[in-house]
Amino acid sequence: MNYDVIIIGAGAAGLFCAGQAGKRGRRVLLLDHSAKPAEKVRISGGGRCNFTNLYCGPDNFISANPHFAKSALSRYSPHDFIALVEQYGISWHEKHQTGMQLGQLFCDESSQQIIDLLLTECKIGGVEVKLSTTVNCVSHDGRYSVETSAGTFTAAALVIATGGLSIPKMGATNFGYKIAAQFGVTVTPRRAGLVPLTFTGAQDEGLKALAGTAAPARVSCEGASFDEAILLTHRGMSGPAILQISSYLEPGEAMQIALMDGAQIEAVLLDAKTRRPKSAAATVLAEHIPKRLAEYFTAHVTETRLADMTDEALRDIASTVGDWALRPAGSEGYRKAEVTLGGVDTHALNSKTMMANDVTGLYFIGEVVDVTGHLGGHNFQWAWASAYACAQSL
Ligand SMILES: Cc1cc2nc3c(=O)[nH]c(=O)nc-3n(C[C@H](O)[C@H](O)[C@H](O)COP(=O)(O)OP(=O)(O)OC[C@H]3O[C@@H](n4cnc5c(N)ncnc54)[C@H](O)[C@@H]3O)c2cc1C
């Protein structure tokens, strides 16, 4: 019942940390209340796990302390994890999007291969894994004592790897934040990130009619801009560019969507008025953006021919296509979010070891910490890097 390290949470960060610490000769117990480990790894990347990003760096993370992630990220790089993936004979590919180098790496076959890798690493490290185990309480009296449904266990070090709040039906809880509070470690405010956005009223009605439409776009708000696809859905807006901006958009703030460069589409429409005066504005627009969006942006137009429209009216259409301002009412929340923004305050942790500055032997790793990655493999890279940094100091 006595260990060097107890890790709570057998997700990406907990499993990786356990394997690494075990391989360093530590006697490790890994606990999780779920019946299966790493459920989020399993569903990630559409079942193929976007396990890292070639271009992952500190700028891909949101945190109250933007410097915090630098140390861990530099000591365990995407190439380190790729080397491990290759050592296990897992074939992978980079996602390709026309004209864009996204650096997102996926398994060719299945995310289960990453779970098997993590479990094998634990096996090599002699880690004891106890699933379906409820943690009732934690106390500290020289050693950490963890009371569970499977008995009481003690260790010199306790690692909290219980993740964030997204997808509660997959086992997400606020356990990590509660432990932080119990030991006087501050926690920053949390909200759903990488999440589809919702709308209300007339805006909602108008957008719902476009459900199923996707388009490449530049989506921006104060302080951030992403060039990826948007997707209109029956609930609102999703797609990579919308998920990315959701992590930056403050509640009540507007975002701007550029489906094309405004000046470029203005030139196209004015030119078409001269060369093809009998064409409808929607027809010309639909040669550049999806037809349903072209119809949406010209729904107010009564003239059937460009020749009958004023240049001013065409400029108005162009400016909406180039700078479509939308103010979401909210998001689909933790039920659909990929991550939780905010968490255990990085100012209270040592960036080299992930240990709480004022609580000897208590560590926080992975998503429970206030370090949130962009979409595209960055969140797993943070899980690996923070777990590795922690394991080196255990
Ligand atoms: C649908 C979806 C797709 C995603 N796709 C990607 C992707 O392709 N690439 C990427 O980089 N990121 C992706 N993410 C984000 C990524 O999954 C997380 O950032 C990552 O899993 C965080 O790792 P973690 O180990 O910190 O937490 P988790 O993986 O969430 O693990 C936490 C573990 O703690 C356990 N736990 C929680 N509470 C308790 C408790 N009270 N007692 C005991 N155990 C507890 C949970 O059961 C879980 O096993 C995706 C997320 C979602 C939801």
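Counting starts at 1 for both ligands and their atoms, in listed order. These values consider heavy atoms only, across backbone and side chains, with no hydrogens, waters or symmetry-generated copies.
- Checking only distances, Ala12 does come within under 3.5 Å of ligand 1, N or O to N or O.
- Distance from atom 53 (C) of ligand 1 to its nearest protein heavy atom, with residue and atom name: Ile167 CG1, 3.5 Å.
- Contact check on Asp227 versus Arg218 returns a salt bridge, with a Lys/Arg side-chain nitrogen under 4.0 Å from an Asp/Glu carboxylate oxygen.
- For atom 13 (C) of ligand 1, the closest heavy atom belonging to the protein is Phe380 CE1, 3.8 Å.
- Between Glu39 and Arg42 a salt bridge is recorded (basic side-chain N to carboxylate O distance below 4.0 Å).
- Under a hydrophobic clustering in which Ile, Leu, Val, Met, Phe, Trp and Tyr are joined whenever their side-chain heavy atoms come within less than 4.5 Å, directly or via other members, Leu314 and Met260 fall into the same cluster.
- Between Glu287 and Arg276 a salt bridge is recorded (basic side-chain N to carboxylate O distance below 4.0 Å).
- The side chain of Phe175, and not its backbone, has at least one atom closer than 4.0 Å to an atom of ligand 1 (non-hydrogen atoms only; side chain from C-beta on).
- Between Met1 and Thr152 there is no side-chain heavy-atom pair separated by less than 4.5 Å.
- Hydrophobic clustering of Ile, Leu, Val, Met, Phe, Trp and Tyr side chains at less than 4.5 Å, counting indirect connections, keeps Leu243 apart from Leu259.
- Here's the thing with Gln381: none of its N/O atoms is less than 3.5 angstrom from an N/O atom of ligand 1.
- Nearest non-hydrogen protein atom to atom 31 (O) of ligand 1 is Gly11 CA, 3.3 Å.
- Using a 4.0 Å cut-off to heavy atoms of Ser34, the atoms of ligand 1 that qualify are 47 (O).
- A pairwise comparison of heavy atoms in Ala38 and Ile115 identifies O-CD1, 3.5 Å as the closest pair.
- Near Ala161, the atoms of ligand 1 lying under 4.0 angstrom from a non-hydrogen atom of the residue are 32 (C), 33 (C), 34 (O).
- The atoms of ligand 1 that sit less than 4.0 Å from any heavy atom of Asn50 are 7 (C), 8 (O), 9 (N), 10 (C), 11 (O).
- The cluster map of Ile, Leu, Val, Met, Phe, Trp and Tyr, joined by side-chain heavy atoms under 4.5 Å apart, puts Leu341 and Val344 in different clusters.
- When non-hydrogen atoms are compared, ligand 1 lies under 4.0 Å from neither the backbone nor the side chain of Pro37.
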CA sep, side-chain torsions, deciding dist, call: Phe226, His374, ring-ring contact (aromatic ring centres under 6.0 Å, His included): CA-CA 10 Å; Phe226 294 94; His374 289 170; 5.2 Å; yes
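- The two residues Leu232 and Leu210 come nearest to each other via the heavy atoms CB-O, 3.5 Å.
- Judged by distance alone, with hydrogens and angles left aside, the side-chain atoms of Arg292 form a donor-acceptor pair with the main-chain N or O of Ala209 at under 3.5 Å.
- Those atoms of ligand 1 that come under 4.0 Å of a heavy atom in Lys40, given as number and element, are 17 (O), 21 (O), 30 (O).
- Nearest to atom 26 (O) of ligand 1 among the protein's heavy atoms is Glu367 N, 2.8 Å.
- Put simply, the side chain of Gln392 reaches to within 4.5 Å of the side chain of Gln20, judged on heavy atoms.
- Annotation for ligand 1: atoms under 4.0 Å from non-hydrogen atoms of Gly9 are 33 (C), 34 (O), 35 (C).
- Residue Gly163 has at least one heavy-atom neighbour below 4.0 Å for each of these atoms of ligand 1: 26 (O), 27 (O), 32 (C).
- Considering both main-chain and side-chain atoms, Ala13 comes within under 3.5 Å of ligand 1 through a nitrogen or oxygen pair.
- Closest protein heavy atom to atom 1 (C) of ligand 1: Ile43 CD1, 3.5 Å.
- The shortest contact between atom 33 (C) of ligand 1 and any protein heavy atom is with Asp32 OD2, 3.6 Å.
- If you look at Ala10 next to ligand 1, the close heavy atoms, those under 4.0 Å, all belong to the backbone.
- At the shortest separation from atom 38 (N) of ligand 1 among protein heavy atoms lies Thr173 OG1, 2.6 Å.
- Inclusion of Gly45 in the set of residues having an N or O under 3.5 Å from an N or O of ligand 1 is warranted.
- When only interatomic distances are considered, the shortest N/O to N/O separation between Thr133 and ligand 1 does not fall below 3.5 Å.
- Below 3.5 Å of separation, one finds no N or O of Ser166 facing any N or O of ligand 1.
- Pairing each heavy atom of Leu131 with each of Pro37, the nearest pair is CD1-CD, 3.7 Å.
- Residue Gly366 has at least one heavy-atom neighbour below 4.0 Å for each of these atoms of ligand 1: 26 (O).
- At least one heavy atom of Gly377 sits closer than 4.0 Å to an atom of ligand 1.
- Residues that satisfy the side chain to side chain contact (heavy atoms under 4.5 Å, CB included) test with Asn53, not counting sequence neighbours, are Tyr55, Cys56, Gln104, His378.
- Nearest non-hydrogen protein atom to atom 4 (C) of ligand 1 is Glu338 OE1, 3.4 Å.
- Aromatic ring pairs are classed by plane angle as parallel below 30°, tilted from 30° to 60° and perpendicular above 60°; the pair Phe16 and Trp384 is perpendicular.
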